[in-house]
Enquirer: 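The structure under discussion is supplied below as structure tokens; questions concerning it will follow.
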Amino acid sequence: MLADSWLIARKDLQVEIRSRIIINQIAPYTLLIMVLFGFALDANTQTLRDTAPGLYWVAILLVALLAIQRGVQIEDADAARDRMLLTPVSSSSIFLGKSLALFVQLLVLEVLLFFVMMVLFDTSVEDPLLVCLSAFVATVGIATSGTLYGVIASGVGVRETLLPILLLPVLAPVAIGATRTFGDAFGRVNADGWAWFGLLVVFAVVYTVLGMFSYGQLLEEE
Amino acid sequence: MLADSWLIARKDLQVEIRSRIIINQIAPYTLLIMVLFGFALDANTQTLRDTAPGLYWVAILLVALLAIQRGVQIEDADAARDRMLLTPVSSSSIFLGKSLALFVQLLVLEVLLFFVMMVLFDTSVEDPLLVCLSAFVATVGIATSGTLYGVIASGVGVRETLLPILLLPVLAPVAIGATRTFGDAFGRVNADGWAWFGLLVVFAVVYTVLGMFSYGQLLEEE
Amino acid sequence: MTVAIDLREVVVLLSHFPALTGATLRVSQGEIVLLQGPNGAGKSTLLRLCAGLLPIKEGTAKILGQDLGENRRRVRPDIGLLGHKTGLYEDLTVEENIAFWASMTRANSQEITDAIEVMGLGGRLRDVLARQLSAGQRRRTAFAALLVQRPPIWLLDEPHAALDSEGRSLVNELIKNAAAAGATVLLVSHAAKELSALTGRVVTLAGGRVTSDSGGNGSEVNGVS
Amino acid sequence: MTVAIDLREVVVLLSHFPALTGATLRVSQGEIVLLQGPNGAGKSTLLRLCAGLLPIKEGTAKILGQDLGENRRRVRPDIGLLGHKTGLYEDLTVEENIAFWASMTRANSQEITDAIEVMGLGGRLRDVLARQLSAGQRRRTAFAALLVQRPPIWLLDEPHAALDSEGRSLVNELIKNAAAAGATVLLVSHAAKELSALTGRVVTLAGGRVTSDSGGNGSEVNGVS
Amino acid sequence: MITTVGPFNATSSRSTRFLGLCLLLGIPALILFAFIFSPEDDSMEDAVRLLYIHVPVAIFSYIAFGVTAVGSICYLWKRSRWWDTTAHASAEIGVMFCGLTLVTGSIWGRPTWNTWWEWGDVRLVTTLVMFLMFIGYLALRQVPASPEARAKRAAIVGIIGTINIPIVNRSVEWWENSTLHQQSSLTDGNLENLTLFTWFLGTLVIGITYLWLLIHRFRVGWLETEEERLGYGAAIEERQAEAHGLDVGSTGIPEEGENE
Ligand code: HEM
Ligand SMILES: Nc1ncnc2c1ncn2[C@@H]1O[C@H](COP(=O)(O)OP(=O)(O)OP(=O)(O)O)[C@@H](O)[C@H]1O
Ligand SMILES: Nc1ncnc2c1ncn2[C@@H]1O[C@H](COP(=O)(O)OP(=O)(O)OP(=O)(O)O)[C@@H](O)[C@H]1O
Ligand SMILES: [Mg+2]
Ligand SMILES: [Mg+2]
């Protein structure tokens with residue numbers, strides 16, 4: 001099963017690398033979002049520094065939406081999804097594979113954006129372990145729930161706009177939790193970072209399990 | 001020429017109304033973006049009130065990206081763009097038609113989002129005329145430049161992600177200008193709203209003219 | 001002989017429209033059947049139904065003895081479907097596409113090389129992106145991805161579409177070989193003549209049901225004109 | 001007789017690949033020409049070139065006397081192109097699609113009604129969304145949108161694709177009428193037999209150039225194989 | 001809508017008319033008690049009267065979403081149209097009630113907290129998230145897909161959405177220091193008698209409203225699917241006949257069907 005997942009993830013990553021969309025397009029987009037925030041907040045350095053974790057995760061969510069849509073679109077463009085159903089590969093494998101590819105892409109973007117934030121918003125990290133772990137777990141949550149909702153929102157010409165409204169409320173706990181852990185790790189707020197980290201772990205586990213069991217049901221086209 | 005534009009705009013709006021995407025999906029999405037900002041700025045009401053104009057226009061830009069992509073996608077899905085080239089309709093008409101449809105959609109969304117902002121961010125308007133005029137002109141600018149860049153970023157499977165990075169920097173003047181006029185109209189900052197309004201007018205005029213003359217060139221596929 | 005496909009009075013709705021209105025069809029294992037009928041008759045729908053991709057509203061459908069009404073998934077790995085759309089990834093090359101589908105269906109690299117050669121996709125084309133293929137080259141790639149799968153049931157929607165005459169006789173050859181090796185083949189075509197060398201059994205669909213069948217348990221016998 | 005299409009040693013690059021490598025072809029006004037050749041020969045590229053949709057790298061191309069090298073746009077309103085893709089809007093109905101293209105090409109409502117009737121899209125189908133059509137119904141809709149345009153030059157890429165036999169004879173009929181009314185028609189097909197009743201002139205493309213021409217100023221004469 | 005198909009030939013029946021009658025009496029009574037008989041609050045003064053609508057609609061939005069979840073689970077289990085229709089109907093009313101909670105809360109917040117909205121307040125924000133999630137649910141139900149696929153997707157989204165209920169409910173305790181909002185004031189037992197009674201009356205009236213709306217909405221939904229179900233019988237015949245029309249026409253199909 002894991003071998004199949006890996007094949008599917010590798011295919012998705014191969015498509016991404018080939019079209020160089022992440023490097024050439026999504027990465028600059030994340031940058032732009034941060035800059036836009038800078039404008040919107042009117043360059044008040046203190047405000048920026050305080051709200052950096054929140055803005056970081058909002059930017060990541062917006063970017064994740066793009067990446068998820070790409071992932072769905074790759075399968076939809078020429079009915080590859082149907083073709084995939086006609087193979088012995090289990091739907092849990094497909095789910096894990098698509099999630100894994102999304103996870104890797106998001107992680108790359110997060111690392112990039114993190115350095116941008118460090119420079120632009122002048123943040124400093126006090127607890128690197130918490131930052132790494134929480135980013136890792138939050139990304140697992142985003143990738144699994146995103147893959148699940150990507151297929152829920154797919155189908156006849158509705159994808160681009162239905163996905164955000166279904167997924168963003170679901171990701172609200174991740175956004176809040178990751179913002180708090182980052183805030184704690186940056187020494188900005190007195191939140192209990194590790195408690196919020198627990199929330200992220202629960203979220204990731206719940207959606208991984210949920211996805212593995214219900215993805216197959218949802219893949220059916222009609 | 002204007003009659004042709006109207007036919008094209010009507011077709012786009014018809015498609016939108018048919019798929020009910022604006023009401024069911026894009027409108028809630030704008031709401032969600034505002035909510036996300038609320039999270040990210042972590043409940044500091046004063047900050048929110050001060051930055052409301054900026055956040056409003058960032059949200060509108062992000063939503064405009066979606067609407068532009070829809071507009072391009074409608075033409076690309078089954079090569080209708082090529083078909084359009086093989087008619088006696090001038091490319092300026094196509095440009096005006098697509099822009100008009102985008103304009104109408106954005107205006108509807110702006111009105112909706114405006115009321116949401118009034119309530120959620122607790123803003124009050126001191127100069128309604130400036131608000132209406134600047135929103136109108138800014139929307140013309142976004143619609144025309146969006147239509148123009150939408151076609152630049154279309155083509156070989158790159159649309160969703162290429163557009164934001166091309167368009168957002170272009171729209172930076174609109175974002176700043178409209179934020180300032182709103183800030184002035186809300187009595188929040190001491191900017192000279194009407195001067196910024198002038199900038200918006202210039203932007204709108206420049207992109208309308210630019211679009212009418214260069215759109216035809218850009219429509220060519222290869 | 002074993003019955004591979006057994007449809008009885010199947011009704012299928014596609015967003016409320018009855019695309020199949022009580023289709024009955026039996027195909028034995030190893031048989032080649034040609035489906036024809038006017039546009040909108042329900043031929044493509046019938047193929048997708050047999051692939052276990054559509055829910056059944058009424059009637060029963062059994063594929064290789066498995067009831068689709070109970071479980072549509074179990075039979076799917078045994079199905080090779082070539083529809084109007086081809087299931088290729090635009091940003092992968094011909095070879096990468098075929099290799100991916102081969103890995104999904106547990107084929108080995110020798111089979112990949114063979115399929116590429118057979119379909120005439122060797123040489124330059126091997127490394128061309130799917131988005132840069134001509135219509136016929138695309139169909140060939142899709143066919144190669146089907147070949148590596150070697151499924152017991154082949155469902156081909158207009159297998160000759162976009163192929164040149166050499167490609168057409170090649171496909172005919174491959175279908176014949178597959179059937180000889182025991183595969184069951186359901187073909188949809190509007191150019192019955194070109195495929196008539198393959199089979200004597202022509203089934204006509206109209207209005208979502210089978211209206212005539214020149215073989216099997218058919219109501220009348222018709223040669224291919 | 002006036003020359004409608006005049007290509008001389010045309011070279012066209014599609015993302016660096018020479019899809020046409022020096023194609024030469026002359027077609028008189030009112031003539032019907034059948035293009036054939038193996039997959040990837042460059043037939044679709046040739047049609048898109050004649051429609052003024054592709055830039056010319058070398059050689060000259062004149063359509064209705066207008067040089068495409070100078071201005072590719074002027075000739076476009078005179079072109080009716082039916083490619084592998086059909087140019088329909090998925091969320092509009094059959095009638096809305098046809099009416100939209102009719103309004104773009106200044107056709108009146110009578111012509112719309114006629115085209116719908118002729119292509120057999122009356123009744124229920126008129127109000128069906130394009131996304132819910134079968135493959136053949138889609139092609140019929142696209143053909144109807146072409147009919148309302150009544151262009152002087154018809155470029156048809158596999159006009160028989162996905163059509164049932166009634167649709168095929170209908171399309172043949174329409175092509176014959178158009179040519180009789182003075183339109184120039186360039187057809188691409190792999191099933192030359194079915195279209196051979198329309199014309200005696202069959203041009204074969206291979207490797208991006210014309211290798212044989214059974215009529216016109218052809219280098220050799222070839223029957224339809 | 002009022003057709004003679006299916007088990008119900010209209011969306012009203014004796015029991016719903018009875019419920020409607022109760023509402024006809026209950027609503028004026030509630031208005032009387034809420035605005036005239038019940039006393040002002042010491043600190044909130046007249047604004048307290050919003051309690052009688054705000055709290056019941058909040059509670060019944062929980063119940064409505066809960067019913068959606070139950071309906072969704074039963075749908076996935078039994079695959080019956082009945083449960084799917086129930087889930088959908090309840091979600092629609094739940095969204096309405098949840099929207100009312102937000103609106104009445106905001107109106108209440110203006111005089112008491114001096115703001116329409118407070119981002120730092122967990123209950124407000126979690127309520128908004130729940131509201132949006134079910135807006136998404138309703139949007140998903142509009143998607144043009146087959147009824148089965150749509151029902152399946154909606155069921156999963158509906159179940160996930162229900163996770164919000166305990167969060168909204170417990171939020172004021174879990175994050176005590178980040179809320180302006182009232183904690184459970186009822187369990188404290190510090191409400192005056194008449195206030196308590198009026199509150200109960202409000203809950204009862206809203207409860208009946210919920211039931212009444214649910215039954216009607218369910219029946220409308222049922223009639224819609226029923227129409228589809230019966231409609232397709234007719235559609236099948238029409239389509240089969242269409243095939244015959246084609247057979248005699250010039251389809252060019254050599255074989256002529258002789259059946260039926
Ligand atoms: C937009 C603003 C508001 C929202 C979204 C909101 C939401 C809610 C919700 C969801 C509940 C049900 C809680 C539960 O039982 O689990 C509730 C109950 C209640 N709300 Fe609000 N509320 C808002 C504003 C206010 C205001 C301004 C007040 C009064 C100052 C208020 C007073 C109450 C009271 C007294 C209860 C009953 C608490 C209990 O017994 O548990 N609310 N509200
Ligand atoms: N998604 C859909 N929703 C509603 N109706 C549909 C849908 N897809 C197809 N149909 C209808 O179902 C009928 C059968 O379609 P199908 O694609 O099976 O026809 P077909 O026999 O393959 O025709 P063709 O020869 O044109 O390919 C058609 O009348 C079509 O309009
Ligand atoms: N966008 C592109 N980029 C690069 N090469 C391309 C592109 N499109 C087509 N080609 C190549 O150009 C050649 C000619 O393609 P064309 O579509 O004209 O062939 P065709 O004669 O229509 O073939 P078919 O019979 O398969 O439709 C093919 O070899 C194809 O690989
Ligand atoms: Mg078909
Ligand atoms: Mg071609």
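Chain A is the first sequence line, chain B the second, and so forth, proteins listed ahead of strands; every chain is numbered from 1.
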Enquirer: Looking at D/P151, D/G80, D/P77, which one has more heavy-atom pairs under 4.5 Å with chain B than the rest?
Expert: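 Option with the greatest count: D/P77.
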Enquirer: Between B/M84, B/R10, B/R83, which shows the greatest number of heavy-atom pairs under 4.5 Å with chain D?
Expert: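 With the most close heavy-atom pairs to chain D, the winner is B/R83.
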Enquirer: What are the two closest heavy atoms between B/F95 and B/Y207, and how far apart are they?
Expert: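 Closest approach of B/F95 to B/Y207, heavy atoms only: CZ-O, 3.8 Å.
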Enquirer: Looking at D/T105, D/L82, D/T86, D/V75, which makes the most heavy-atom pairs under 4.5 Å with chain B?
Expert: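 Of the candidates given, the most pairs with chain B belong to D/T86.
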Enquirer: Looking at every heavy atom in both D/S189 and D/L195, which two are closest together, and how far apart are they?
Expert: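 Shortest heavy-atom separation between D/S189 and D/L195 comes out as CB-CD1, 3.2 Å.
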Enquirer: Is B/S91 close to chain D through its backbone or its side chain, or both, or neither, when contacts mean heavy atoms under 4.5 Å?
Expert: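 B/S91 touches chain D through side-chain heavy atoms alone.
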Enquirer: Heavy-atom distance under 4.5 Å to chain B: side chain of D/L129, backbone, both or neither?
Expert: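 Just the side chain, heavy atoms under 4.5 Å.
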Enquirer: For D/R138, which atoms come within 4.5 Å of any heavy atom of chain B: side chain, backbone, both, or neither?
Expert: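 Answer is side chain: those atoms of D/R138 sit under 4.5 Å from chain B.
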Enquirer: May I ask you to name which of B/L86, B/T87, B/L7 has the most heavy-atom pairs under 4.5 Å with chain D?
Expert: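 Maximum pair count with chain D is reached by B/L86.
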Enquirer: So which part of D/A145 gets closer than 4.5 Å to some heavy atom of chain B, the side chain, the backbone, both or neither?
Expert: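 For D/A145, heavy atoms of backbone and side chain both lie under 4.5 Å from chain B.
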Enquirer: Using only atom types and a distance under 3.5 Å, with no angle test, would you say the side chain of D/D157 pairs donor to acceptor with the backbone of D/H84?
Expert: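 Side chain of D/D157 to backbone of D/H84: no pair is present.
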Enquirer: Donor-acceptor pair, distance only, cut-off 3.5 Å: does the side chain of D/T184 make one with the backbone of D/I153?
Expert: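 Such a contact is absent between D/T184 side chain and D/I153 backbone.
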Enquirer: Using 30° and 60° as the class limits, which term best fits the ring planes of B/F114 and B/Y56: parallel, tilted or perpendicular?
Expert: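 Perpendicular.
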Enquirer: Where do D/M104 and B/P88 come nearest, in terms of heavy atoms and distance?
Expert: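 Smallest interatomic distance, heavy atoms only, reads O-CD, 3.6 Å.
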